[in-house]
Amino acid sequence: MKTSDFPIFTVKNEPSDSEVTSHKLMIKSGMIRKVSSGQYNWLPLGYRVLEKIKNIIREELNSIGCREILMPIVQPSELWRESGRWDKYGPELLRFKDRHDREFCFGPTFEEVVTDLIRQDLSSYKQLPINVFQISTKFRDEIRPRFGVMRAREFIMKDAYSFHTDSKSLDDTYNKYKNAYNEIFKRLMLDFTMVDADSGNIGGSESHEFHVIADTGEDEILLDESLNGMNTEIAIKKFNETDVKKIIEKTGMKLKKGIEVGHIFKLGKKYSEAMNVRVSDKDSKLKTVHMGCYGIGVSRIVAAAIEQNYDEKGIVWTDSISPFKVVLIDIDSQKNEDIKNYSEKIYSNLISKNIDVIYDDRDLNLGKKLTDWELIGVPNMLIVGNKETEKEKLTYKNRATDEKEEVPLNFLDDKRFKN
RNA sequence: CGGGGUGUAGCGCAGCUUGGUAGCGCGGCUGGUUUGGGACCAGUAGGUCGUAGGUUCGAAUCCUAUCACCCCGACCA
């Protein structure tokens with residue numbers, strides 16, 4: 001990729017309508033632009049990060065036998081009436097009518113639709129368990145959207161659903177998701193923790209939340225020394241104590257702020273009962289299936305990752321979700337053909353090695369290019385100017401450490417550039 | 001929804017108290033000098049001052065209504 005066909009939209013001035021670091025940096029680096037409160041456009045740079053996160057999630061879910069599907073965002077009220085949530089779900093559910101005066105809602109979550117989908121073709125226990133997921137836009141009409149994509153009304157979420165003949169099978173699958181989630185957040189290179197949680201609006205028996213630890217988090221969680229913990233709602237119930245301070249005294253746990261990026265639930269029969277999802281079991285009797293559901297806030301992860309990884313110059317992407325692995329920066333290539341040729345040669349070399357590179361071929365001086373890429377946060381920089389061209393070398397610069405060194409051409413084989 | 005605040009050029013802001021037809025910085029464009037960390041000089045484009053109404057000879061400025069956005073809270077995965 002070259003900047004000549006990959007538009008860079010960095011801005012210098014501090015955006016006036018954002019307070020939180022991740023939001024500011026996403027605007028300044030040109031990842032997102034606001035459409036209206038809680039709704040954002042994703043520019044090529046931001047979208048690339050989203051895609052990297054999605055792919056990690058895909059790979060890990062595929063590895064536990066979960067298959068990708070896609071469901072419509074606009075959902076008919078009938079299904080929601082069937083589950084009973086048309087009336088129970090609050091004003092976060094955006095409702096509207098079509099031209100025939102039929103009622104619909106914009107999907108905040110997909111239990112109804114997926115349950116309906118699966119039940120149509122489900123008849124035997126032999127078909128179970130079934131695991132499906134989708135990565136799609138969700139809409140929740142938040143009371144107050146805030147902090148950019150951290151708490152948006154329209155956002156991207158991965159939601160997975162599982163169907164089982166019995167609770168034992170649900171337990172097994174639930175644990176698989178737990179492990180998969182741990183793998184996902186490890187690969188995203190985030191400082192995260194899993195805590196016991198309340199199943200809230202979604203319903204069900206058991207639930208865990210995955211939090212990225214960050215001071216700007218909106219949730220409070222209690223953690224012990226080995227980072228096991230629970231959210232404060234659960235703690236209040238568990239210790240029958242309304243004052244969180246007293247719980248801390250009693251248990252020695254620490255209060256931390258977290259950004260909820262994942263939530264898994266054992267739904268049990270809540271939806272399958274309401275929506276009559278049954279299979280013939282071995283004894284040829286009809287049994288109501290057990291269900292689980294498993295969410296990850298994909299767009300929220302982008303903000304959370306930035307909250308954990310930035311400095312005074314801008315974003316410092318972790319390796320796995322950086323929009324690019326390396327940026328190639330030339331100096332004066334517009335004026336010096338030798339430099340241009342040498343830079344192009346390095347670029348083709350990187351491309352042939354299948355390295356995720358962006359070549360900044362803009363006619364700008366070094367300072368401006370570096371400032372942009374430090375703001376954008378690509379972890380590795382390769383600089384090519386007159387000096388490098390003459391010596392047939394490269395200058396490598398590390399975004400996080402700021403270290404700069406002259407390196408030979410075979411440095412391109414370094415493992416830090418590999419996917 | 002309650003409280004607080006902001007809407008003026010692409011972005012960030014000043015001007016409003018004390019009405020007289022809009023200005024600064026950054027960015028853009030053109031030309032030139034530069035060029036290993038945001039360079040300089042000269043020129044140039046760009047705004048019905050959120051919207052609607054009112055007061056006035058005259059409104060960015062005063063009055064009324066309305067919309068949008070931000071922050072705190074309640075609430076929420």
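Each chain gets a letter, A, B and so on, in the order the sequences are listed, and its residues count up from 1.
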### Message
Tell me whether the NZ or CZ atom of A:Lys266 lies within the 45° cone about the ring axis of A:Tyr174 and under 6.0 Å from its centre.
### Response
yes

### Message
Against the six-membered ring of A:Tyr396, is A:Arg416 placed for a cation-pi contact (under 6.0 Å from the centre, within 45° of the normal)?
### Response
yes

### Task
Determine the interplanar angle of the A:Phe185 and A:Tyr181 rings, folded into 0 to 90°, and report it as parallel if under 30°, tilted if 30 to 60°, perpendicular if over 60°.
perpendicular

### Task
Evaluate the criterion salt bridge (charged side-chain N to carboxylate O under 4.0 Å, His left out) for residue pair A:Lys52 and A:Asp356; output intermediate values, then yes/no.
CA-CA 12 Å; A:Lys52 297 238 169 163; A:Asp356 182 23; 2.3 Å; yes

Pairwise [atom1] distance for [N] and [M], with rounding to whole Å:
| N | M | atom1 | answer |
| --- | --- | --- | --- |
| B:U33 | B:G23 | P | 32 Å |
| B:C63 | B:G7 | P | 15 Å |
| B:G54 | B:A59 | C1' | 11 Å |
| B:G4 | B:G20 | C1' | 34 Å |
| B:G50 | B:C70 | C1' | 15 Å |
| B:A22 | B:G3 | C1' | 34 Å |
| B:U64 | B:C57 | C1' | 22 Å |
| B:U21 | B:G5 | C1' | 29 Å |

Counting only side-chain N and O atoms of [X], is one of them less than 4.0 Å from OP1 or OP2 of [N]?
| X | N | value |
| --- | --- | --- |
| A:Arg144 | B:A74 | no |
| A:Ser37 | B:A68 | no |
| A:Lys12 | B:G27 | yes |
| A:Ser16 | B:G12 | yes |
| A:Asn13 | B:G25 | no |

Got a list of side-chain donor-acceptor pairs under 3.5 Å for residues 69-78 of chain A, not counting sequence neighbours?
from    : atom 1 : to       : atom 2 : distance (Å)
A:Gln75 : OE1    : A:Trp80  : NE1    : 2.6
A:Gln75 : NE2    : A:Thr109 : O      : 3.4
A:Ser77 : OG     : A:Arg81  : NH1    : 3.3
A:Ser77 : OG     : A:Glu103 : O      : 3.2
A:Glu78 : OE1    : A:Arg102 : NH2    : 3.4

When the distance from [atom1] of [X] to [atom2] of [N] is rounded to whole Å, what number comes out?
| X | N | atom1 | atom2 | answer |
| --- | --- | --- | --- | --- |
| A:Asp17 | B:G12 | CG | P | 7 Å |
| A:Leu267 | B:A77 | CG | C1' | 13 Å |
| A:Asp360 | B:G38 | CG | C1' | 14 Å |
| A:Tyr89 | B:C75 | OH | P | 17 Å |
| A:Glu19 | B:C72 | CD | P | 7 Å |
| A:Asp141 | B:C75 | CG | C1' | 13 Å |

Just call it for [X]: base, sugar-phosphate, or nothing, with non-hydrogen atoms closer than 4.0 Å on any strand.
| X | answer |
| --- | --- |
| A:Ser36 | sugar-phosphate |
| A:Glu142 | base |
| A:Glu388 | base |
| A:Gln334 | nothing |
| A:Lys369 | nothing |
| A:Lys28 | nothing |
| A:Gly385 | base |
| A:Lys138 | nothing |

Residue [X], side-chain heavy atoms: nucleotide from [options] that is nearest:
| X | options | value |
| --- | --- | --- |
| A:Phe147 | B:C71, B:U34, B:G38 | B:C71 |
| A:Leu370 | B:A39, B:G37, B:C70 | B:G37 |
| A:Ile143 | B:C75, B:A77, B:G38 | B:C75 |
| A:Asp332 | B:G36, B:C71, B:U35 | B:U35 |
| A:Ile383 | B:G36, B:C72, B:C69 | B:G36 |
| A:Arg146 | B:G36, B:A74, B:A77 | B:A74 |

Pairing partner (Watson-Crick or G-U wobble, both distances under 3.5 angstrom) of [N]:
| N | value |
| --- | --- |
| B:A60 | none |
| B:A77 | none |
| B:A39 | B:U33 |
| B:G28 | B:U44 |
| B:A68 | B:U6 |
| B:A14 | none |

Ion pair present between [X] and [Y], side-chain N to carboxylate O less than 4.0 angstrom?
| X | Y | answer |
| --- | --- | --- |
| A:Lys368 | A:Asp363 | no |
| A:Lys24 | A:Glu19 | no |
| A:Lys340 | A:Asp332 | no |

### Query
Quick one: on RNA chain B, does A:Asp219 or A:Ser18 contact a more 5' nucleotide (nearest heavy atom)?
A:Ser18

### Verdict with supporting geometry, A:Arg85 and A:Glu112, salt bridge (charged side-chain N to carboxylate O under 4.0 Å, His left out)
CA-CA 9 Å; A:Arg85 284 208 292 185; A:Glu112 283 80 1; 2.7 Å; yes

### Message
Is there aromatic stacking of A:Phe265 on B:A77 here, judged by a ring-centre distance under 5.5 Å and a plane angle under 30°?
### Response
no

